[in-house]
Amino acid sequence: MEQIKVEGTLPVALKKLVGQTTIESKKIVMTQMTAIEYMQAQAAMKDGQYIGIADLAAMTKLVDDDGAEYEISYDMLGYSSKANLDYLNTLKTQLEAKEKAES
């Protein structure tokens, strides 16, 4: 099964340390998770974490200028701007509509 994706641009850039290089980008790609990926993301949650943030972080990757994709952690998203959370929720709705249209 080919996973359905949508691309977008966050309102506020996220930063990720990769080795000794800091990646800072607003570009993201969101992928619809399989049932197994969804359950694995839920199982990896820690006490006190919110499902909504964990789901969005698991579905979303940060994209650098060269097109390389990097995982977004719960803390990266959780401690970023609320505008990013709102944007990703809107993008998730678009992704779900796209999946429904293609099935």
Kindly indicate, with the supporting measurements, whether the criterion side chain to side chain contact (heavy atoms under 4.5 Å, CB included) is fulfilled by Met59 and Leu95. CA-CA 10 Å; Met59 297 173 74; Leu95 180 65; 3.6 Å; yes

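- Summarising the hydrophobic clusters (Ile, Leu, Val, Met, Phe, Trp, Tyr; side-chain heavy atoms under 4.5 Å, direct or chained), the residues clustered with Val29 are Val63.
- Taking all atoms of both residues into account, the shortest heavy-atom contact from Pro11 to Ala83 is CG-O, 3.6 Å.
- Met76 and Val18 fall within a single hydrophobic cluster, where Ile, Leu, Val, Met, Phe, Trp and Tyr side chains are chained together by heavy-atom contacts under 4.5 Å.
- For Asp86, the side-chain hydrogen bond (donor to acceptor under 3.5 Å, both in side chains) partners two or more places apart in sequence, or in a different chain, are Lys82.
- Annotation: salt bridge (Lys or Arg N to Asp or Glu O under 4.0 Å) contacts involving residues 47-70, sequence neighbours excluded, comprise Lys27-Asp65.
- Residues meeting the side-chain hydrogen bond (donor to acceptor under 3.5 Å, both in side chains) test with Ser80, sequence neighbours left out: Asn84.
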Which is it for Leu77 and Leu56 under the side chain to side chain contact (heavy atoms under 4.5 Å, CB included) test, yes or no, and what are the steps along the way? CA-CA 8 Å; Leu77 181 55; Leu56 292 172; 3.7 Å; yes

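- Here the shortest heavy-atom pairing between Tyr74 and Tyr50 reads OH-N, 2.8 Å.
- More than 12 heavy atoms of other shown residues, nucleotides or ligands fall within 6.0 angstrom of atom CG in Leu17.
- Among pairs with a residue in residues 87-98, none fulfils side-chain hydrogen bond (donor to acceptor under 3.5 Å, both in side chains), at least two apart in sequence or across chains.
- Under the salt bridge (Lys or Arg N to Asp or Glu O under 4.0 Å) criterion, no residue pair touches residues 7-24, with sequence neighbours excluded.
- If you take CG on Leu14 and NZ on Lys26, they are separated by 10.5 Å, rounding to the nearest 0.5 Å.
- In this model, no donor atom of one side chain and acceptor atom of the other lie less than 3.5 Å apart for Gln32 and Glu102.
- Neither Met39 nor Met45 shares a network with the other; the hydrophobic side chains, linked directly or stepwise wherever heavy atoms of I, L, V, M, F, W or Y lie under 4.5 Å apart, form separate groups for each.
- When all heavy atoms of Leu88 and Met30 are compared, the closest pair comes out as O-CE, 3.5 Å.
- For the pair Ile72 and Ile28, the minimum side-chain heavy-atom distance is below 4.5 Å.
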